[in-house]
Structure formats: structure tokens, C-alpha cells
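Here is the structure we will look at.
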Protein chains: 4
Amino acid sequence: MTVSIALLGAGRIGRVHARAVTSVAGVRLAAIADANAEAAGEIAALYETLVSTIDDIAADDNIDAVIIATPTGTHADLIEKFARAGKAIFCEKPVDLDSARARQCLAVVEETGARLMLGFNRRFDPNFQALKQTIADGKIGNPEMLHIVSRDPAPPPISYLASSGGFFKDMTIHDFDMSRFLLGEEIETVQASGSALIDPEIGKIGDFDSASTILTTVSGRQCTISNSRRATFGYDQRIEVLGSKGAVSAENLRPASIELATAEGFLRPPIYDFFMTRYVDAFAAEIRSFAENLKSGAAMSPSGNDGLKALEIAEAADLSAREKRLVYVSEIRG
Amino acid sequence: MTVSIALLGAGRIGRVHARAVTSVAGVRLAAIADANAEAAGEIAALYETLVSTIDDIAADDNIDAVIIATPTGTHADLIEKFARAGKAIFCEKPVDLDSARARQCLAVVEETGARLMLGFNRRFDPNFQALKQTIADGKIGNPEMLHIVSRDPAPPPISYLASSGGFFKDMTIHDFDMSRFLLGEEIETVQASGSALIDPEIGKIGDFDSASTILTTVSGRQCTISNSRRATFGYDQRIEVLGSKGAVSAENLRPASIELATAEGFLRPPIYDFFMTRYVDAFAAEIRSFAENLKSGAAMSPSGNDGLKALEIAEAADLSAREKRLVYVSEIRG
Amino acid sequence: MTVSIALLGAGRIGRVHARAVTSVAGVRLAAIADANAEAAGEIAALYETLVSTIDDIAADDNIDAVIIATPTGTHADLIEKFARAGKAIFCEKPVDLDSARARQCLAVVEETGARLMLGFNRRFDPNFQALKQTIADGKIGNPEMLHIVSRDPAPPPISYLASSGGFFKDMTIHDFDMSRFLLGEEIETVQASGSALIDPEIGKIGDFDSASTILTTVSGRQCTISNSRRATFGYDQRIEVLGSKGAVSAENLRPASIELATAEGFLRPPIYDFFMTRYVDAFAAEIRSFAENLKSGAAMSPSGNDGLKALEIAEAADLSAREKRLVYVSEIRG
Amino acid sequence: MTVSIALLGAGRIGRVHARAVTSVAGVRLAAIADANAEAAGEIAALYETLVSTIDDIAADDNIDAVIIATPTGTHADLIEKFARAGKAIFCEKPVDLDSARARQCLAVVEETGARLMLGFNRRFDPNFQALKQTIADGKIGNPEMLHIVSRDPAPPPISYLASSGGFFKDMTIHDFDMSRFLLGEEIETVQASGSALIDPEIGKIGDFDSASTILTTVSGRQCTISNSRRATFGYDQRIEVLGSKGAVSAENLRPASIELATAEGFLRPPIYDFFMTRYVDAFAAEIRSFAENLKSGAAMSPSGNDGLKALEIAEAADLSAREKRLVYVSEIRG
């Protein structure tokens, strides 16, 4: 059996997903839609598929599933439309920048019984998978403390930031999801501190560029997160977990594993400096997982609810940093 | 010119200081006092010095300085006594477990003009010194975010914890001092989360064994601290600093730098598992600094005020964790 | 312009090359031939190409080039046949196990003006490429001493070894090529020591399983090579180069960059344990290089002569180990 | 019981031994002799001992042992003199630059029954001790292949080299001893290649500055050694051992374990650049071992015979490099 998937969005991430989809056996990229016809045409030509429209895709009985890689503001509407059209859905995170709207959208998903997977690609990184497996194998005992470092090489343009939903929803949200993924427990309280240390313009639009966060779970486990919009040495992505029997950590990755020794010292090259090179395996693996679950009927993971939980924590963090107080996630859940 | 130093306290740390003092040229270990005469006698025999008493040492005009390595509860009284006796003073941290009492004691130090150095030994660790120097050399630009990992191999006995002043004053206080030392700026707010994850008995006496802390400076720099009373792999002591131009980190140290490769993987030996082996160089260097400043007349550092500041942050952290709220350090200074 | 390439040999390496060929833009896998029709059919089905025969491929004017991935004993005959047929040729190393036969074959290549590339895949490994570039950039000054570690996870079957040409031609030949590639100078003398330490059966067939080699260039540069048929921790592939201004080294690669810390110590996972996973990028890059040079008309590298030089060194090494004497490579060149 | 040791030689190494001797409990530095009275006087003042003469020391019944740290050319005569005087002897390596003279001297040691320890300090390095222990514990199975890297930061003056005995006796001799120490088996054959790549003046006096050596044991185990007089990044001292069950390696050591990350990459500081800082622990441990064996009556190790064996291998290596042939160590033994 071959499943047919349509791609919505022919931007940077859309291209990554197109390549991933077409490399999975038993999966067909059936159509692609984008407001930018030229971009859609390029991908269609590359992968020998058709340019179509959102409505036609929704109406096409031969299409089993869609990958939503359109701008964030369209996610909730598209999820609802395709849930009602009976398609399985892979959607880039987040469902929406507003947790109330996301909750509404997920209610539609539940009503329709649609199958939805959220694009938290980092869960599929081979190194973080190895972390998760090490914990699952009991090798560190009970996980107690988590530390996540997540830093961009350089800040995006102010124009991007202005509509990004703010630091915690745009950047830390991946780490919030990762904390739930690795600790396997819900977050109860959030304490965050945010500053604009890199660029005063970022402060002027009311956003942060540097933030520290403590998450505490119901049982008292703790997660610290250190984020910055600037790491001159590359895309800094590290995680460590301390448990009752030991600790496990995932290090940064670099394109070449060489070391130069001179009178200055011992120099290893910079690490990957772009999320699409750093997480190239993860992007392919998440689409492979979506396609396999599509074929096997297995439950989709991460789910829409995982997306909502991360969003709630992000809203709590934003509130904590702005109001300078500890915030219970339950305050957000309303 | 030879300076004469007397040692108060013949316990574990007293022995370390005795060895350090006797290895500095131009310094003489003139006397040792301890309620435990046998312990005092052993050190006296080993280093060919005399057993004496606190009062005799205070009255002895030939003694220039004292090293206070007695139980914490006696520090403030002894500092005051020897300040009034005109001696220079090296005192193990803290001045007192109560910041109000410490403030009172330091007022006496100021009145008498006594020279006082506090024993924050980690400032003298060669690796952390190298961190500090790297920052001072401008190699990472403006330091923005600090992360400190500080974990004991295993919890001390409950009896010790009961009179320790609590997790933040007993354990994290070193990290609070380190944050001020490396960032070169005062801490404005403290957010902390504490749990008893390792041993429920620790929770029963109202203490924590695992804690995460965010410190934010006046200018918005942030420091995250991850502490635990248990790290099965050794005494986990790491620091990293992110700056505008780069980052610098200090790694753990191990007794042997070997690696064993087998079908299981690549295994390096555990790190040092005891503060006295891990910080052996630091303990010697701080006493050397005290002795050299004593001879040269240079200002003592870390000062009594450094001790007070760290104590205030510790009290703020304790309050933050207990009352589940952000605490301004100025509340403590009150 | 699209170039058409035919694949000879549908074994393990043939499959790797088929995948590589079909992922290069502007290149078409036009046909596949193998004595084993089933194996050929599988690859043909997977990549939507045709099963053909050696003779038909040689006669087909629409085919521009061939990839020879057949058993070693057939290489020289096939190179001659396709050189005469006017095809460009990529051939797995070696040209032949006998340097005299290889020399004869390369004479045909020269006469016919055929373009020939030898499959020394390791030259295309991104890490070794980075080594080469670091040297070319002058960062270590004049390269003086080279050390190559090259070890298999476990010995192949005795049946394979019996027709492998012996340890130095089968295994070390890659390192001999690498020494010329990195030092950029011809080897003058060879000193080798070989033993059968792992399996006495290997000794019984007159082969070695463990060998150490010193190569000395005309100008006195030296290369040490440490080979073994057994490394329990994986496929051990490391290189370091010492130069007048510094040194550069390439480390082993592992599937996951995690570290587990327990009371036993700090454990990183084993490295890659198979040449096809370890050198997956290199295999793809060499075929890409062949295809690009095919299209652009650039000179093929490594050349047939590179293959011959490595073979001569291998024969010299074998002689050195067996006769327990230093051997001049010129003795082999006859 | 306190043992009394006299020190012969007040140079750089003499000072190191003086400090080591005076830090061992139950050992007394009884006297010091040196042709340079001023140098002897300085050490005597520092450690509160007496300046004496070689003859007086030999005649002094209260002196149990001597440490010979005089120029190499005097070693054999002094060993004989003090052996006949009934003293235990610690002598810096080598016994003599000529193996025949060394053999003669050791015959006197045997006749007199004198206790002699040779100063191969590297055997006492904590990291190499850990290597040895790992092998002894069976963790790598049967050791099969050894690789030793031993490089100086920069060449010594030509004047020193002219009387050093040549590259292999001056520099590689430590590695020859290490190979016997770690493999636990005698060396049968030596293959060496030597060049003057760093400084043509070194070539003009007939010496080498860069050398590669293969040692093969009776049972076929192999050791490769890579030596150079120049490593811009420090004093390069590494060892790795491959065995049937795994491998173990000892890495270089550095004064500070920090890492600086910038846009250039990840930089760790240079390693130790001087044998007296790199091997500070080893120098202390070897003298401690001498003193302890002196008191306990245990056998001295490394012995005079260990010194002779290393010297024979060095002479074989020199012959191999000069005559461009494999040399059996038995040729040297005559």
C-alpha cells in the first residue's frame, strides 16, 4: 500500500519535508500548494509531483495526509479544515501562538477524530533519542535534574521577531517540549528571567534575547534552560540529565572531527551553525515516523496536546519574566 | 621578614591549612589551638610548632595573624576577638549563618581596621582563575550568561545537615560567590526551586538536596546554578560563561587522564570525588595569597564583604524556594 | 547534458555506488551487469534501470562510463576492455593484486587515452579532506611525520583472506595511498613487521593479522602505520600529522555523541563498526567527484598511477615483513 | 628507623630529587656534594643539610644510600664506587652511553650485591601507572600493539646534542624502557628511520631530530614509536595499547582544563611544555619508591638490568637507522 501525502508550503521547511517524504518507501508526494506559485513549481519539478491548491487537496479523496509547513498564523485554520476533510495531518509547531486558539483547534481535532502530529523535530534527533533511550534503559536511575542549552548563532531580523510570539514561544518552546519528553512528567511551576543584552532594538519591541528558566515538575524534578540569540561559535544545542544512578549528556555536533594543535593550543572547528544542518537527520526521521504511523495506524507522537502543553509553559515563562514572579502552569490552563 | 601565623582548629581543614602555611617561604606556623588537645598535638608535632590557646595567641605580640578553621558558630566571635587583638585574620566561610550577625561582626572589623580574608577557596582554583583571566582578557567579550554546576558525590549525614544553615547557605554559597567573582556585578534578584529528591529524611528536617537557581544582575545578566547532593560519578564542578564574542568553560578534573576502549564503548575514569582532592591546589593558593598579602600589605580578597554578599544571596534563595516567589536581594539587606 | 553510467557488479559495494550515482544531478544509471542475475535485477528494480551484460555495455554508444565493482581478479581485464571501448572508468582498488599486471593494464589505459579513476574512497572522507586542507592552508607548516591507525573490528573469514593478496595489499593499501595523499611526496623505503597474533589460522595460511610499518620519503619524512584485524571497540580509523608549526589529527566517528557518567566513569558509545557506515559520505563523494569530472573533463583523481604506487608500497611492505629487512620501493618498480 | 640519603649533583634534577627526598617521612637528606660549591650550598641551605664530598660520603657509615644526579659520563664510575662502599644507589639513566661499559659496571653491582635503582621516572607517572594497572587487571586482554608518542617542545642546543649519545640514547631510551614495562616482554628486533628535518645543523653533527621506530617482541607483539625534537604545542607524551579485548590510552596533560569557544572554533590551552612540570608527580613518586624499598628491603625497580636493556635497544635503533636495516637486539648484546 502506498500512502499519498500533499505538502502545504514551499518555503525552506517545505523543501526539507519534500525531500524527506520522497525518500520514504511506500509514500508518494501527491501534490504541493503554496501562494507562491513559482516556489511550488520548483519543488514539484524537482520531485515530479503536481502543483495544486489547498481546496483541491482537501477535496481529493486520493490524498491521505497533509504536511502543513505554512506560516504560523495559518496553522490552526488549516488543521481544522483538513481534520474535517478526514486527512491525517503533520503540522509544524506551534498550533497557534495563542494557547486559547490552540485549545479550540484541538477540540475540532478531537471531534473529528483526525490524526495529528506536531513538528517538534528535536525529539527525533539521534543524539536526543539516545539520551531518551539511556534514561528508559534505567542507566541513570530516576532522572532528577535536566539542563538544556539552546542558543542561536545570531538573532533573526527585528521584523521576524515582531511577529514571532516572543522569545519563549518562538525559541524556548522546543526546550519546553524536550523537558516533558525527557522527564516524562508535567511541569507545575515556571520561573524565568529575560533580558535584552545583545541588541537594544530587541528590548524596544518588548522582546528578550537572553533568558534563563527553571521548570519544576509536580514531583519536584527541576529543569534549567539557558537560551541566547547569539553564540558566535555556532548553533549551541546541548542537554544533560542527572539521575539517581548517573548522568547522561548530548554534546554539540560539528561537520569535521579534526583538531589542530599549535602554539596557541588545541583547536577544534566550530559546530554546526544552522538548524537545518544540525537537525538534518531529525527532520528526515520525524517525517519518516509520520509516514510509518500513517501506514501502520499507530498513534501520532508528538501529539497536538504535546504542542498545547509546550505552549502553555511558554506563556507561563513569558508571564514569569515580565511580572517577575513564579507562575503556575495551571494559571495559563485557565 | 618572617610573618608568624597561628592556626585555630585542628580538624580536616585545619590540617590542609597547616600544610599550606608551612610550605610558603617567609611564613612560620607559630602555634595551634584546638579544644581537642590530641588533634592539636598531632599537627604541632608534624609541623614542629607549639600547642597553645586562643587567649594566649590573642595576647602574643609575636603572632601577626590567625587562620580560623573552627566550627562555623564560633567564627563571628573569633573574628571580633582577633580584630580587637590587632591580628590579621583568615577565616573559613561563612562569617556567620545569619546575615545580621555577620553584618554586626564586619562592623567590628571595620572599626578596628583589621585585615580580613574569607576562605572562598574556589576563587583560587587554577581552572577558575583561568576562566576569570580569559574574561578579563576580553576573549569572550561582555560576559552575559553564566552556568554553574556544583554537585557533591553523596549527601552528608542528617546530623550535619541539621546544623548546616540549609542547602543554599551550606552548598550553593560557593556558587553565589563565584557568580559575583566571574560576572563582576551585584545580583539583584534570585529565583530558586528546591526539592528533597534523594532522601526523604532531608525533606523531613525542612532542607533540600536538589536545587536550581537563577540569579539576575542589575544589568540583566543571568546565572543559572544546578546543585545536587548526589552525583555518582564524582564531585561535579563545572562552570561556563557565554559572552558577546564567545564562551569559556572549565571542565571537571580526574586523577588519571586515561581512556579504556572496549566493546562497551570508551570509558574515562571517574572525576575527583572529594573537595579536598579536587581543590587541593586552590586551598594551597588561597593561603599563599593570604600570606603574601600579609607580607606586602595588599588588600585581602575575598573580603568580609564578599562573604556577606554571598550570604545575603543565600538567604534570598532560601526565601525564594520556600515562598515560591522571586526575591530581591535588597529585601535581605533590609 | 546528462551522462550515462553503467554499473558492473551488484554486490555490497555495487549497491553503494548505485545509490550514489542516482543521487547526482545530471547523471543517469543506464545499466547494470552481474553474473548473479538476481542481484543485478534487485538493483535495477530499485533504481529503475536495466539489467544488461558486459559486452552489451561495452558496445553501447549511449553509455559514457562504467563503474567496475566486480571481484578484484577481473579488474585489469575489464579496465582494458572498457578503455578500448572508449569509456571513462571508475574502478574499485586495486587494479590488480600483482603490480606487474597492473603496470601492463595501465599501459593500455595510457595508449587508449582512457580516463580512469581508482576507488580510494578514504581520500573523500570529509575529515581527511579537512586534514588535507589544513595542511594545504599552511596551518601546520611543513608536514614531517604522519601516523595512521587503521584497524578492522574483526578479521574476515580465512576463505576471504586466502585470496586477498595478503595483509598489506588488502588492508594497509588504503594507508599507503593516504600517506602519499597527505605528505604529497613519494615513498622511498619501507620497514614493516607483521605477526599473526589474533588467529593462528591466519598465520597458517602465511598471512598476518597485525602489522606495523614505517614509510620514509625521499626527503626523510616518516609515516608510521599501525594495523590490526581486531579492534573490539569498532572500526578504528585515525590519522595525525605533525608539522613544523603544529599538528592536525582526525578522530574516530560515532553514531551518537552522548556520554554516560556513572560510578564506573564516563562512557561514550562505541565508534562506527563497519566501513560502509564509517565511510558513507566518502563513498558518495568519490562517485560525485567521478561524475563531475566526467562532465567537466577535469583530470581523474586518484589516478591509475596512484593505484600502482600504493600497490608497489604494499609489495615492498610484504617483502620487508617476510625477509625482515628494509626494502626500497624501487626494488619493486624493477 | 630513619634512612640517610646523600645527593650527588646539585643541578636541575638534583634539586628535584632534594625536594622529593625531604618530603618522604622517615628519610633524611644527610649531605650534598657537587663540584659547584655554590649550587651545593644553595640546596644545603634550603633543606638544612650539609655540603660534603663524594669521598667523605662514601666513607660515612651513617649514610645508607646515594642519589646520583651528576653528568652521564660519571655514572658508571660512581655506581661502582658506591656499590663497593656498600651504599644503596639511585642513579639517573643511563648507566653509561656505551652498553659495554654499562655491562661492566653492572657486573660490579652484582659482585658487591649492591642495591641499584635506575631513574626511568616515566614508569612512575600516575597516568602510565594507570595504563599498566589496566593491562594487569586484564581489561584489554592480551596486549598486542603499543604506540608511543614522545616529542620535545623544541630541540636542545647543538652543544648538548654533541655529547648526548645521539637521538635514540638521549630521547627514545625512555620509550624503549616504557615498551618493556608495558608489554612485559623482551624486544627481539628493531627497525628505525631517522632524519634531520628540523635543523640541518643537527644533521651536520650526524644526529637525527625526527625518528620512527618499530620494536617487535619475541612473540610478535609490536611497538611503534614516533619521536620529534619539536612540537610547537608542548611536550607531547602519549601512549596507547591495543589488546585482544580492547585498548587503553593515556592522553597529554595541561595546566588548566578550560575551553574557549569563538567563531574560530573550540580552543583548549597548550599542554605542559617542560618535562619537569609534566612529570613532577613521577619524579616525586620514583624517589618515594626508592626510599620505601630502601626501608623495606624490597627489590629495586627499574633495575640496572632494565637500564642495560633499554640501552641495547637504543644502540640497535641507532644501527638500524644508520645502516638502513633491521637489527636484532642480540647483535648488540654481543
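Every heavy atom of this structure was used, including side-chain atoms; hydrogens, water molecules and symmetry mates were not.
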Under 3.5 Å, side-chain donor or acceptor atoms of residues 255-266 of chain A against the rest of the protein: list the pairs with distances, not counting sequence neighbours.
unit_1    : atom_1 : unit_2    : atom_2 : d
Ser257(A) : OG     : Asn127(C) : OD1    : 3.3
Ser257(A) : OG     : Glu251(C) : O      : 3.4
Glu259(A) : OE2    : Arg268(D) : NH2    : 2.7
Thr262(A) : OG1    : Glu264(A) : N      : 3.1

| request: Find the one option among Ala250(A), Ala247(A), Gly246(A) whose heavy-atom pairs under 4.5 Å with chain C are most numerous. | output: Ala247(A)
| field | Side chain Asp137(A), main chain Lys139(A), donor-acceptor under 3.5 Å | value | no
| Portion of Asp281(A) that has a non-hydrogen atom of chain C nearer than 4.5 angstrom | neither
| Where does Lys245(A) contact chain C at under 4.5 Å (heavy atoms): side chain, backbone, both or neither? | backbone
| Is a donor on one side and an acceptor on the other found under 3.5 Å between the side chain of Arg221(A) and the backbone of Pro143(A)? | yes
| query | Residue by residue, which of residues 12-19 of chain C have a heavy atom closer than 4.5 Å to a heavy atom belonging to chain A? | reply | none
| message | With a 4.5 angstrom heavy-atom cut-off, is it the side chain or the backbone of Thr134(A) that approaches chain C, or both, or neither? | response | side chain
| query | Does Val149(A) offer a backbone N or O that forms a donor-acceptor pair with the side chain of Arg238(A) under 3.5 Å? | reply | no
| query | How far apart are the C-alpha atoms of Ser150(C) and Met178(C), what are their side-chain angles, what is the distance that settles it, and do they pass the side chain to side chain contact (heavy atoms under 4.5 Å, CB included) test? | reply | CA-CA 11 Å; Ser150(C) 178; Met178(C) 189 55 69; over 6 Å; no
| Quick one: side-chain hydrogen bond (donor to acceptor under 3.5 Å, both in side chains) partners of Glu144(A), sequence neighbours excluded? | Arg230(B)
| query | Would you say Lys295(C)'s side chain and Val3(C)'s backbone share a donor-acceptor pair under 3.5 angstrom? | reply | no
| field | Results of side-chain hydrogen bond (donor to acceptor under 3.5 Å, both in side chains) for Thr216(A) - residues two or more places apart only | value | Ser193(B)
